[in-house]
Amino acid sequence: MGHDDWIELTSGEIPLAEIAAWVVRPGCGAVDIFCGTAREQSDDRKGVERLEYEAYEPFVVPKMSEIATQARRRWPQVGRLALVHRVGPVVIGEASVLIAASTPHRPESFDVVRWCIDTLKATVPIWKREIWEGGADWGLHAQVLPEVAEVPGPDR
Amino acid sequence: MGHDDWIELTSGEIPLAEIAAWVVRPGCGAVDIFCGTAREQSDDRKGVERLEYEAYEPFVVPKMSEIATQARRRWPQVGRLALVHRVGPVVIGEASVLIAASTPHRPESFDVVRWCIDTLKATVPIWKREIWEGGADWGLHAQVLPEVAEVPGPDR
Amino acid sequence: MPSVLFFGPARDATGTRATLIEGRTLGEVVASTVERYGEELARLMPTCRVWLNGEPATPETPVKENDEIALLPPVSGG
Amino acid sequence: MPSVLFFGPARDATGTRATLIEGRTLGEVVASTVERYGEELARLMPTCRVWLNGEPATPETPVKENDEIALLPPVSGG
């Protein structure tokens, strides 16, 4: 993980403004930032009060670093890249995850951020619990982790 | 322009943190924010010191509002939407433009922001002047404005 | 008399931000403008759009006393 | 003895975050784990992945004294 990657698992609020300032590079003309924010509704679970994220903590940063390595292989023009996820309670409206990237031109800023969030949701060992009016259960649309051979390694 | 649109032409720094907090909606689980930032190089113009944006000022906000209207027609699920552009000098690393949108799910947050920035660059009457080591001239890759019939109107 | 505004490269070509130019239609005003400012502006015209009071308009559109006409070279916002 | 960790729905199914379970291979440890915790965990297993010390591994992999085995149901980060 180079000094141009910001990879973090945090139990506090994600410092969006700080990351947005950090991600800018003088050689890059484009910055894209994606935030996943806690919603008040999840399919037919209405009145969601908060989310609780649980993680296999020692392996979250390594897995997110693999994603960053892969992203830089696919888009070598990326300047700075941030992948930050929260653990613990997240109230409605707060960000549970943030991906940010700077690139010389704009199309690839969208492409790399989108690829990173899609890959993070499919490969990083984190589980969301939803607490809504009259119920609590694990997040819907969970994704089966990849098999050994599917896991993107830093050598590919 | 509804209270869920933030459309602005400003000569000061774009208030990214404020817009990022404003754009979040409890019914939306995704926020995408794109910033165009001033680069130190533009094709073979090296050592760019700053940009100077000139606008046909009275019509920038109306044109950006038309883009917001069109965007909401294409993606009715958009929660809040911001289109903010700077005018005057912009030093390297600062944002000249910001687009932000909240949507219930993530794919359309990328789609709407990307469509808005592409459309803004092609249709809003703003001109960029680049001041670099030993030269100053208007931005490269300028786009001919649409003909009457091509202009997206609020009624289509 | 209608006013004519120049932006970006068109302002460089004319050396001014705005002027007053006579004409009954948008086409007449534009023709007189190109005549007044000469070759550098003429070279830009094929890529310029002409707006009347903030909207694209055709050369046949009549112009009135206080109309605002803008010559808009290719844009480079963003 | 290797330790076995449970996350998300697997933690609900077992009622615990971690336990110690014997076995010479990853497959043996997993089989003993399912045997100990019963049907609710067994139902989850087809969609679970098993990691050994933070990496996916096959059932034939030998396990050592201080190895950490994790049962990972489908993930829902983001």
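By convention in this document, chain letters (A, B, ...) are assigned in the order of the sequence lines, proteins followed by strands, and residues within each chain are numbered from 1.
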- Message: Side chains of C/Thr16 and C/Thr19 only: does a donor on one sit below 3.5 Å from an acceptor on the other?
- Response: no
- Task: Answer with side chain, backbone, both or neither: which region of B/Arg129 has an atom nearer than 4.5 Å to a non-hydrogen atom of chain C?
- Result: side chain
- Do you know which of B/Pro125, B/Gly139, B/Pro62 has the most heavy-atom pairs under 4.5 Å to chain C? B/Pro125
- Item | Proximal component of B/Val144, with respect to chain C [non-hydrogen, under 4.5 Å] | both
- Honestly, the part of B/Tyr53 sitting under 4.5 Å from a heavy atom of chain C is side chain
- Task: Name the region of B/Ala95, side chain, backbone, both or neither, that has any atom closer than 4.5 Å to a heavy atom of chain C.
- Result: neither
- Check: C/Thr47 side chain, C/Pro73 main-chain N or O, donor-acceptor pair, under 3.5 Å: no
- Message: Check for me whether the distance between the ring centres of B/Trp6 and B/Trp22 falls short of 6.0 Å.
- Response: yes
- Relative to chain C, which segment of B/Gln143 carries a heavy atom at a distance below 4.5 Å: side chain, backbone, both, or neither? both
- Query: In terms of heavy-atom pairs under 4.5 Å, which option from B/Phe59, B/Tyr56, B/Phe34 contacts chain C the most?
  - Reply: B/Tyr56
- Query: Does the side chain of C/Asp12 pick up a donor-acceptor pair with the side chain of B/Trp138 at under 3.5 Å?
  - Reply: yes
- Message: Take a 6.0 Å sphere around CD of B/Gln77 and say whether it holds more than 12 heavy atoms from other residues, nucleotides or ligands.
- Response: yes
- For the pair C/Tyr37 and C/Phe6, name the ring-plane relationship: parallel under 30°, tilted 30 to 60°, perpendicular over 60°. perpendicular
